[in-house]
*Asks:* 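Can you keep this structure in mind? I'll have questions shortly.
The structure presented is a predicted model; accordingly, all values stated were derived computationally and were not measured.
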Amino acid sequence: MSPDVPSLDIDTPQGPARAHLHLPAGAAPGADGRVRVPGALVLGHGAGGGVDAPDLRAVTAAATALGLAVALVEQPYRVAGKRVGPRGPALDEAWAAVVADLRARALDAPLVTGGRSAGARTACRTALATGAAGVLCLAFPTQPPGRPDAPSRLPELDAAGVPVLVVQGTTDPYGTPPTSPTRTVVPVPGDHSLKKAPPAVAAAVTAWLPTVLPGL
């Protein structure tokens with residue numbers, strides 16, 4: 001992450017997390033230290049990756065161009081230098097603490113939570129608890145490839161309880177979840193990495209955000 005991007009260390013029950021704050025042009029913290037914007041995205045990384053993933057960078061650029069703030073969050077295990085994270089309940093606990101802290105200290109705005117792959121799963125499982133206006137899922141890992149006996153993660157999407165956007169590569173080995181009355185699914189060229197067409201990822205997110213953030 002660029003040294004020009006401010007970061008915020010956040011204590012969680014799982015150890016320190018870190019949020020990298022990307023602000024739109026002209027935005028600055030108010031007297032309470034928070035930035036007032038029409039909306040903000042809080043996005044997490046994949047299981048083995050970081051917040052510099054191409055799809056996260058593309059979404060950050062698109063959102064800040066719309067006048068939104070973006071917090072790219074490193075889970076505590078990544079801050080500690082580990083490549084393998086804990087199970088879902090520990091990730092969810094840390095994530096909820098991060099979102100609460102960002103609301104209290106940094107962001108005066110309705111929040112869209114989300115992330116790529118495992119980060120998207122965490123955001124879905126915690127959407128109602130964190131008060132998210134919507135969830136953005138980049139490369140949602142619906143069904144582990146080569147493991148037809150493994151449980152589908154589709155119930156996590158179905159239980160989000162808020163509007164969801166899934167941006168999925170057309171050749172993603174994890175498959176593509178179906179649409180639903182509260183879930184928009186946009187296929188883009190590429191596989192699970194979403195590296196092939198960042199502009200298509202950005203365009204899908206740009207079109208969806210006004211549907212969940214009325215202030216845009």
*Asks:* First locate atom OG1 of Thr170, then atom CG of Asp172, and finally report the distance between them rounded to the nearest 0.5 Å.
*Replies:*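 So the OG1 of Thr170 and the CG of Asp172 are separated by 9.0 Å.
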
*Asks:* Working to the nearest 0.5 angstrom, can you tell me the gap between Arg18 CZ and Leu72 CG?
*Replies:*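 It comes to 13.0 Å.
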
*Asks:* Distance from His20 atom NE2 to Thr60 atom OG1, nearest 0.5 Å?
*Replies:*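 Here the interatomic distance stands at 11.0 Å.
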
*Asks:* Under the salt bridge (charged side-chain N to carboxylate O under 4.0 Å, His left out) test, which residues partner Asp191, sequence neighbours left out?
*Replies:*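 By the salt bridge (charged side-chain N to carboxylate O under 4.0 Å, His left out) rule, Asp191 matches no residue at all.
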
*Asks:* Please examine the side chains of Val98 and Asp101, heavy atoms only from C-beta on, and report whether any two atoms are closer than 4.5 Å.
*Replies:*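 Sidechains of Val98 and Asp101: no contact.
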
*Asks:* Could you report the tightest heavy-atom contact between Leu107 and Ala69, atom names first, then the distance?
*Replies:*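 Shortest heavy-atom separation between Leu107 and Ala69 comes out as CD2-CB, 3.9 Å.
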
*Asks:* When you compare the side chain of Val73 with that of Val42, does any pair of heavy atoms fall below 4.5 Å?
*Replies:*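 SC-SC contact between Val42 and Val73 confirmed.
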
*Asks:* Is the shortest side-chain heavy-atom distance between Arg83 and Tyr77 below 4.5 Å?
*Replies:*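 No, every pair of side-chain atoms sits at 4.5 Å or beyond.
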
*Asks:* Say whether, by atom type as modelled, one donor and one acceptor occur between the side chain of Arg116 and the main chain of Pro54 under 3.5 angstrom.
*Replies:*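 Judged by distance alone, no pair lies under 3.5 Å.
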
*Asks:* Given side chains that start at C-beta, do those of Thr176 and Pro187 come closer than 4.5 Å, heavy atoms only?
*Replies:*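 They are not in contact (no side-chain heavy atoms under 4.5 Å apart), so the answer is no.
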
*Asks:* Under the side-chain contact (heavy atoms from CB on, under 4.5 Å) criterion, do Leu209 and Leu41 qualify, and how do the steps go?
*Replies:* CA-CA 10 Å; Leu209 284 172; Leu41 277 62; 4.0 Å; yes

*Asks:* Quick one, Thr12 and Glu93 - any side-chain contact, counting heavy atoms below 4.5 Å?
*Replies:*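 Of all side-chain heavy-atom pairs linking Glu93 with Thr12, none is under 4.5 Å.
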
*Asks:* Taking the side chain as everything from C-beta on, heavy atoms only, tell me whether Thr179 gets closer than 4.5 Å to Thr184.
*Replies:*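 Of all side-chain heavy-atom pairs linking Thr184 with Thr179, none is under 4.5 Å.
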
*Asks:* Does the side chain of Val112 come within less than 4.5 Å of Val212's, by heavy atoms?
*Replies:*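 Result yes, sub-4.5 Å side-chain heavy-atom pair found.
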
*Asks:* Do Glu74 side-chain atoms and Val51 backbone N/O form a donor-acceptor pair below 3.5 Å?
*Replies:*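 Checking the backbone N and O of Val51 against the side chain of Glu74, no donor-acceptor pair under 3.5 Å is found.
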
*Asks:* Hey, are the side chains of Val167 and Leu165 touching, using non-hydrogen atoms and a 4.5 Å cut-off?
*Replies:*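 Yes, at least one pair of side-chain atoms sits under 4.5 Å.
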
*Asks:* Any side-chain donor paired with an acceptor under 3.5 Å for Gln168 and His192?
*Replies:*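 Distance-only check fails for Gln168 and His192.
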
*Asks:* Side-chain donor-acceptor pairs under 3.5 Å in residues 123-143, sequence neighbours left out?
*Replies:*
from: Arg125; atom 1: NE; to: Asp92; atom 2: OD1; distance (Å): 3.1
from: Arg125; atom 1: NE; to: Asp92; atom 2: OD2; distance (Å): 2.9
from: Arg125; atom 1: NH1; to: Glu156; atom 2: OE2; distance (Å): 3.3
from: Arg125; atom 1: NH2; to: Asp92; atom 2: OD1; distance (Å): 2.8
from: Arg125; atom 1: NH2; to: Thr122; atom 2: OG1; distance (Å): 3.3
from: Thr126; atom 1: OG1; to: Thr122; atom 2: O; distance (Å): 2.8
from: Thr130; atom 1: OG1; to: Thr126; atom 2: O; distance (Å): 2.9
from: Thr130; atom 1: OG1; to: Ala127; atom 2: O; distance (Å): 3.3
from: Gln143; atom 1: NE2; to: Arg147; atom 2: O; distance (Å): 3.2
from: Gln143; atom 1: NE2; to: Ala150; atom 2: O; distance (Å): 2.6

*Asks:* For Arg34 and Arg36, run side-chain contact (heavy atoms from CB on, under 4.5 Å): C-alpha distance rounded to whole Å, both residues' side-chain angles, the deciding distance at 0.1 Å, then the answer.
*Replies:* CA-CA 6 Å; Arg34 298 188 299 165; Arg36 179 171 292 182; 5.8 Å; no

*Asks:* Would you find more than 12 non-hydrogen atoms of other residues, nucleotides or ligands less than 6.0 Å from Arg105 atom CZ?
*Replies:*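 Above 12, so yes.
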
